[in-house]
Amino acid sequence: MPRYNPAEIEPRWQSFWEQNKTFAAPSLPSGDKLYVLDMFPYPSGDGLHVGHPEGYTATDIVCRFARMRGRDVLHPMGFDAFGLPAEEHAIKTGEHPRVQTEKNIATFTRQLKMLGFSYDWDRSLATTDVEYVRWTQWIFLVLYDTWFDPESQRGRAIAELPIPESVAAQGENAVEAYRDAHRLAYEDDALVNWCPALGTVLANEEVVDGRSERGNHPVQRLPLRQWMLRITAYAERLLEGLDDLDWPAGIKKLQQDWIGRSSGAEVDFYIGPPAEFEDWKARRSDTGFASAAPEDALRVYTTRPDTLFGATYMVIAPEHPLVERLTTPEQSAAVTRYREAASFKSDRERTEGDRTKTGVFTGSHATNPVNGQPVPVWIADYVLASYGTGAIMAVPAHDIRDHEFAVQFGLPIVRVVEPPADAEDREAVAEGRVCFAGHGTAIASGPYDGLPTEQVKQQITDRLTEEGLGRHAINYKLRDWLFSRQRFWGEPFPVLHEVDAEGNRTGRKRTVPAETLPVDLPHLDDFKPHGRPEPPLEKASDEWLFVELDGRRYKRETNTMPQWAGSCWYFLRYIDPKNTEQFVSPELERAWMPVDLYVGGAEHAVLHLLYSRFWHKVLYDRGHVSVPEPFQRLVNQGMILGELEYTAYQSDGDEFISSAEVRENEEGKAVGPAGNVLRTVKLEESQVEKAGDHFVLSGEPAIRVDARSFKMSKSRGNVVNPDAIVRDYGADSLRLYEMFMGPLEATKPWNMSGVGGVRNFLDRVWRMIVDARAEEVTLAAEVVDAEPDEDSLRMLHRTIRSVTEDTEAMSFNTAIARMMEFVNYFTRQEQRPRAAMEAFVLLLSPYAPHLAEELWKTLGHDQTLAYQPWPTWDEAALVESTLELPVQINGKMRAKITVPADLDQAGVTEAVMANDRVQAALEGKKLVKTVVVPGRMVSLVVK
RNA sequence: GCCGAAGUGGCGGAAUUGGCAGACGCGCUGGAUUCAAAAUCCAGUUCUCGCAAGAGAGUGUGGGUUCGAGUCCCACCUUCGGUACCA
């Protein structure tokens, strides 16, 4: 077996590592710790995708590299195993979702092991493990037991919540209700997607354009009691926490935008009789601005209090509580109709389409607090009930949406900000055709005329505050987290609702005692929907559903937690996966946290990362973890696309249509200039050629062809299966190829012959060290115990340096290129010093660990190389005695000179002048300037 | 519309951060080896002109700064990804 045979080598080393527990992390790190985490996968029935090993290989290289440099490395893997596909399978087959889930986990585990990743498999977990669910439920109890104290900006035990005397006076039930209203986990009504035809509640991703993805049935929006998590309380902390994290700037920005902090003012508009406005105003300066809007005022939130003088109407959301009071009898029918129409629209529908503004006048007016002018109050669905106060003052001259609405309904437009002199569209703005939303100078604003926007904002807000008409306010786009799902395959909530003798809820509830956790999922005979808009757990037997505790009767909570729950804290459990007393031991948590490097796809940029940061901060506030942020450094691997495809378009008459003339119609089909639907034809590379910056049909330059890569998808048939790559090329080739494709963060297309290329490299590595003609695996005759000569030594040390630096910088593609150069050099050498070969094998080992272990053994070692010291380079060996310097004349490269490396500047100049080509170029010209960059180049300016 | 990322040979991509553009790999061309092929090895491969030596052009487009720009500045174009009335 003289040839490189990964099919034989790789399984052998994999079982060696497994049997010897080579990559077991110490329970407690003794020295310098490194926690490297992959975003754990959802074990789908399709098995591993080539996108998975990209990030996993990157982290594996980092870990193997770190171990060789003496770090204690924690590198675990697990499975995010609750989720819809398993439940759908269960509904279809009647088989418990756990069966399918475990099958899929087994497949994923086999595939991950087949790639030789150095995970500590003894720490593996799945979010569906009963022992894991126990602690997810336990953390829910922590959330339930916590309220957010805005004074100290942190979560505290609910027992520490100050109870106002007025509440305490109303008795125990009122106190409990007060506490419930402050818990981080609370119940509220929220809209769900109820599909009567399927008899089930659907997740948002199962609803497409208001219809069910499966079966295309209509979906209704119904309010249903739901669990919510008060993530909004942590908005400021989540925003601030980003500052010190080593995350890509783009991801930080996404999170910032998602949190969406804005600052402005809340202002009350009087809605009583206009004649009493002055009295109201006077009263207000005594009473001040109430924390909740009083009956006689409509409260708005604005980021532009400076434009108050330009507020010509107001809009309230259709769901606003004041709608009925403000609607006059004449407008009642129209308003009711409008509200009904809005309530049937999903969020999607409200925002989709041409977005023409709609709305109805309530018939009422409010009074503008700054100038006493009456302004009409409208209802429109472009104002959202869930943001700010659910009501706005509309300033059509300076807000695009208000401007559109005002034009639509013929409402007055009053300009109160003069754009700066250099602004575009000044004329259009002056004529009122275009609104100006920027900052400028106040006009038509009474005492504020002539002041810049920032000052007006400040002064008006101060004035309103003094008069008790307004106050400074901050708002966030972030909404509370809808935390329950009407699903079977998720964590049950550890909550019990008290019921009376008839089984009706009394409104009181309690949590399941922590020591009796977990609450297991009940047995169900089948998983088919029961046809009511309630969770499927309602189908469970009374034995599971009803509990007696301390002499009271309870019904279990039947909602389950969303898939996000388990992924919010899994990185903590890896640290102490077998602990039966605590979710993680504080001592171990302190030793390993935070995660030093977290690698995964950018699709989790917002939700997963925000949710886990939120949970972590709550656990931190309650003293269960030691660091406020879980993930110190984050790297997003790029997407791997399918192979490059050339696509031509053909009409019915087999006539080719240039892709430049092809458009997409509404159904996403390709149509020609005549509007006829076209056929797409896949072409081979040999059928196309490049013409300018695009591709055309060979020999037909007028027919353009699309050339691009697409996302891998089953329907497109361009999915690459890792099993097949390992079978045909080996795991080391797959690992190496995925790292060689380009920068980790970049999106890049798959190319099968590229895999062949890296396999070719590994074959050459093998032949560089192993005698390919011998019967047994023996060293090649060229590998000798001799001192390397100067060139070989320089090659070796240059490679050590580059590979070390590139690996540190996670620039794996260039590290591999440097190793290829090393191999190209030494396969040409008749003498390959053993020391150089050994150092090279160590450099290669994080990238192609199976091959490296095999060669290490062949070189005469009987221990794994996983903990061998990483090679170091000697600067002295890198120095060259002579240098070749390029010489530029007027910016063009004209000559090269060879000089001793230590030659001084004057010597270099002399050598340059002595050069024939330089002299020829200087002939009859005057030397104006000479620039000598030591060791780099020489530049001459002549005239 | 807004936000973000990116535009370098036939393809994937390199370029000590302002200093020889195209490292490395794929593909392609030619050669060696072979009865032949596979495999392997060697050489070449940005484009245009030229037998060659060489000359000219060249990092999405147009301007600018500089002895010198893929890299910095200004304006624009294209592609990909994300997002959707948040007052």
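Below, chains carry the letters A, B, ... as their sequence lines are ordered, and counting in each starts from 1.
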*Asks:* With both distances under 3.5 Å as the test, what is the Watson-Crick or G-U wobble partner of B:G54?
*Replies:* B:C49
*Asks:* For A:S262, report the nucleic acid contact type (base, sugar-phosphate, nothing); a contact means any heavy atom under 4.0 Å.
*Replies:* sugar-phosphate
*Asks:* CE of A:M752 versus P of B:G27: gap in Å, rounded?
*Replies:* 13 Å
*Asks:* Of the listed nucleotides (B:A87, B:G68, B:C24), which one gets closest to any side-chain atom of A:Q888?
*Replies:* B:G68
*Asks:* When you get a sec, tell me which of B:C85, B:G19, B:A57 is the closest nucleotide to the side chain of A:R936?
*Replies:* B:G19
*Asks:* Side chain of A:R304, base of B:A87: donor and acceptor closer than 3.5 Å?
*Replies:* no
*Asks:* In whole Å, measure the gap between the C1' atoms of B:A23 and B:C73 for me.
*Replies:* 29 Å
*Asks:* Distance check needed: B:G82 P versus A:H604 NE2, whole Å only.
*Replies:* 13 Å
*Asks:* Is the count of non-hydrogen atoms from other residues, nucleotides or ligands lying under 6.0 Å from A:R773 atom CZ greater than 12?
*Replies:* no
*Asks:* Taking atom C1' of B:G25 as reference, at what distance in whole Å does atom CZ of A:F812 sit?
*Replies:* 18 Å
*Asks:* Would you mind pulling out the nucleotide paired to B:U29, Watson-Crick or G-U wobble, both distances under 3.5 Å?
*Replies:* B:A43
*Asks:* Whole angstroms only, please: what is the CD1-C1' distance between A:I640 and B:G13?
*Replies:* 15 Å
*Asks:* Could you walk me through whether A:D306 and A:H439 pass the side chain to side chain contact (heavy atoms under 4.5 Å, CB included) test, one step at a time?
*Replies:* CA-CA 10 Å; A:D306 63 294; A:H439 285 195; over 6 Å; no
*Asks:* Using the P atoms only, state how far B:G25 lies from B:U40, rounded to an integer number of Å.
*Replies:* 13 Å
*Asks:* Name the residue closer to the 5' end of RNA chain B, choosing between A:P743 and A:R894 according to the nucleotide with the nearest heavy atom.
*Replies:* A:P743
*Asks:* Go through A:E54 and A:L744 one step at a time and tell me if the side chain to side chain contact (heavy atoms under 4.5 Å, CB included) criterion holds.
*Replies:* CA-CA 8 Å; A:E54 189 191 12; A:L744 183 62; 4.1 Å; yes
*Asks:* By nearest atom, which of the nucleotides B:G19, B:A14, B:C67 is closest to the A:M937 side chain?
*Replies:* B:G19
*Asks:* Atom CD1 of residue position A:I400 - does it have more than 12 heavy atoms of other residues, nucleotides or ligands inside 6.0 Å?
*Replies:* no
*Asks:* How long is the line joining CE of A:M639 and C1' of B:G82, in whole Å?
*Replies:* 11 Å
*Asks:* Which nucleotide, in any strand shown, forms a Watson-Crick or G-U wobble pair with B:U83, with both distances under 3.5 Å?
*Replies:* B:G1
*Asks:* Does B:U17 have a Watson-Crick or wobble mate here (both distances under 3.5 Å), and if so which one?
*Replies:* none
*Asks:* Looking only at atom C1', what distance separates B:A75 and B:C80, rounded to whole Å?
*Replies:* 23 Å
*Asks:* Once you apply a heavy-atom cut-off of 4.0 Å, does A:N813 come out as touching a base, just sugar-phosphate, or nothing?
*Replies:* sugar-phosphate
*Asks:* Before accepting this row, confirm whether a basic side-chain N of the pair A:E738/A:K748 lies closer than 4.0 Å to the acidic partner's carboxylate O.
*Replies:* no
*Asks:* Determine the Euclidean distance between corresponding C1' atoms of B:G56 and B:G63; express it in Å to zero decimal places.
*Replies:* 23 Å
*Asks:* Test the A:K357-A:Y382 pair against the cation-pi criterion, namely NZ or CZ under 6.0 angstrom from the six-membered ring centroid and within 45° of the ring axis.
*Replies:* yes
*Asks:* Counting only Watson-Crick or G-U wobble pairs whose two distances fall under 3.5 Å, which nucleotide matches B:U78?
*Replies:* B:A6
*Asks:* Donor-acceptor pair under 3.5 Å: do we get one between A:S939's side chain and the base of B:C67?
*Replies:* yes
*Asks:* Is B:U17 syn or anti, taking syn as a glycosidic angle within 90° of 0?
*Replies:* syn
*Asks:* Taking atom P in both B:G19 and B:G81, what distance in whole Å separates the two?
*Replies:* 33 Å
*Asks:* When the ring centroid of A:Y313 is compared with that of A:F405, is the distance short of 6.0 Å?
*Replies:* yes
*Asks:* Return the value, rounded to whole Å, for the distance between atom OH of A:Y476 and atom P of B:A87.
*Replies:* 13 Å
*Asks:* Step by step, would you call A:N475 with A:S262 a side chain to side chain donor-acceptor pair (under 3.5 Å)?
*Replies:* CA-CA 5 Å; A:N475 262 296; A:S262 74; 5.5 Å; no
*Asks:* Side-chain N or O of A:Y387 versus OP1/OP2 of B:A87: is the shortest distance under 4.0 Å?
*Replies:* yes
*Asks:* Paired with B:C35 by Watson-Crick or G-U wobble geometry, both distances under 3.5 Å: which nucleotide is it?
*Replies:* none
*Asks:* Let me confirm one number: the OG1-CG distance from A:T909 to A:L940, rounded to the nearest 0.5 Å.
*Replies:* 8.5 Å
*Asks:* When every nucleotide of nucleotides 40-45 of chain B is labelled 5' to 3' by its protein contacts under 4.0 Å (heavy atoms), B for base, S for sugar-phosphate only, - for none, what sequence of letters results?
*Replies:* SSS---
*Asks:* Does A:W258 form a side chain to side chain donor-acceptor pair (under 3.5 Å) with A:Q256? I'd like the steps, not just the answer.
*Replies:* CA-CA 5 Å; A:W258 190 265; A:Q256 283 160 2; over 6 Å; no
*Asks:* In whole Å, measure the gap between the P atoms of B:U78 and B:U61 for me.
*Replies:* 14 Å
*Asks:* Does the side chain of A:M314 come within less than 4.5 Å of A:L298's, by heavy atoms?
*Replies:* yes
*Asks:* Measuring only the C1' atom in each nucleotide, how far is B:C26 from B:G9? A whole number of Å is fine.
*Replies:* 13 Å
*Asks:* Just compare B:C24, B:C85, B:C20 and give me whichever is closest to any side-chain atom of A:M820.
*Replies:* B:C24
*Asks:* Specify the residue among A:A817 and A:S811 whose closest nucleotide of RNA chain B lies further upstream toward the 5′ end.
*Replies:* A:S811
*Asks:* Anything under 30° is parallel, anything over 60° is perpendicular, the rest tilted; go ahead and classify A:Y737 against A:W750.
*Replies:* perpendicular
*Asks:* Describe the nucleic acid contact of A:V931 in one word from base, sugar-phosphate, nothing, applying a heavy-atom distance below 4.0 Å.
*Replies:* base
*Asks:* Base, sugar-phosphate or nothing for A:G260? Non-hydrogen atoms, less than 4.0 Å.
*Replies:* nothing
*Asks:* Is the distance from OP1 or OP2 of B:C24 to the nearest side-chain N or O of A:R818 less than 4.0 Å?
*Replies:* no
*Asks:* Could you run through nucleotides 1-12 of chain B and give me one letter per nucleotide, 5' to 3': B if any protein heavy atom sits under 4.0 Å from the base, S if only the sugar-phosphate is that close, - if neither?
*Replies:* --S------SSB
*Asks:* Tell which nucleotide pairs with B:A69, taking only Watson-Crick or G-U wobble pairs whose two distances are both under 3.5 angstrom.
*Replies:* none
*Asks:* Using the salt bridge (Lys or Arg N to Asp or Glu O under 4.0 Å) criterion, which residues pair with A:R832? Sequence neighbours excluded.
*Replies:* A:E782
*Asks:* Taking atom P in both B:G18 and B:G13, what distance in whole Å separates the two?
*Replies:* 24 Å
*Asks:* Need the pair for B:C24. Rule: Watson-Crick or G-U wobble, both distances under 3.5 Å, any strand; none if unpaired.
*Replies:* B:G12
*Asks:* Distance check, rounded to the nearest 0.5 Å: A:F840 atom CZ versus A:I769 atom CD1?
*Replies:* 7.0 Å
*Asks:* Using a heavy-atom cut-off of under 4.0 Å over every strand shown, decide if A:K892 touches base, sugar-phosphate, or nothing.
*Replies:* sugar-phosphate
*Asks:* Between B:A23, B:C20, B:A87, spot the one nearest the side chain of A:E821, thanks.
*Replies:* B:A23
*Asks:* Closest to the A:P886 side chain: B:C67, B:C20, B:A87?
*Replies:* B:C20
*Asks:* Starting at CG of A:L762 and ending at P of B:G25, how long is that distance when rounded to a whole Å?
*Replies:* 13 Å
*Asks:* Mind telling me if B:G58 is syn or anti? Syn here is a glycosidic angle within 90° of 0.
*Replies:* anti
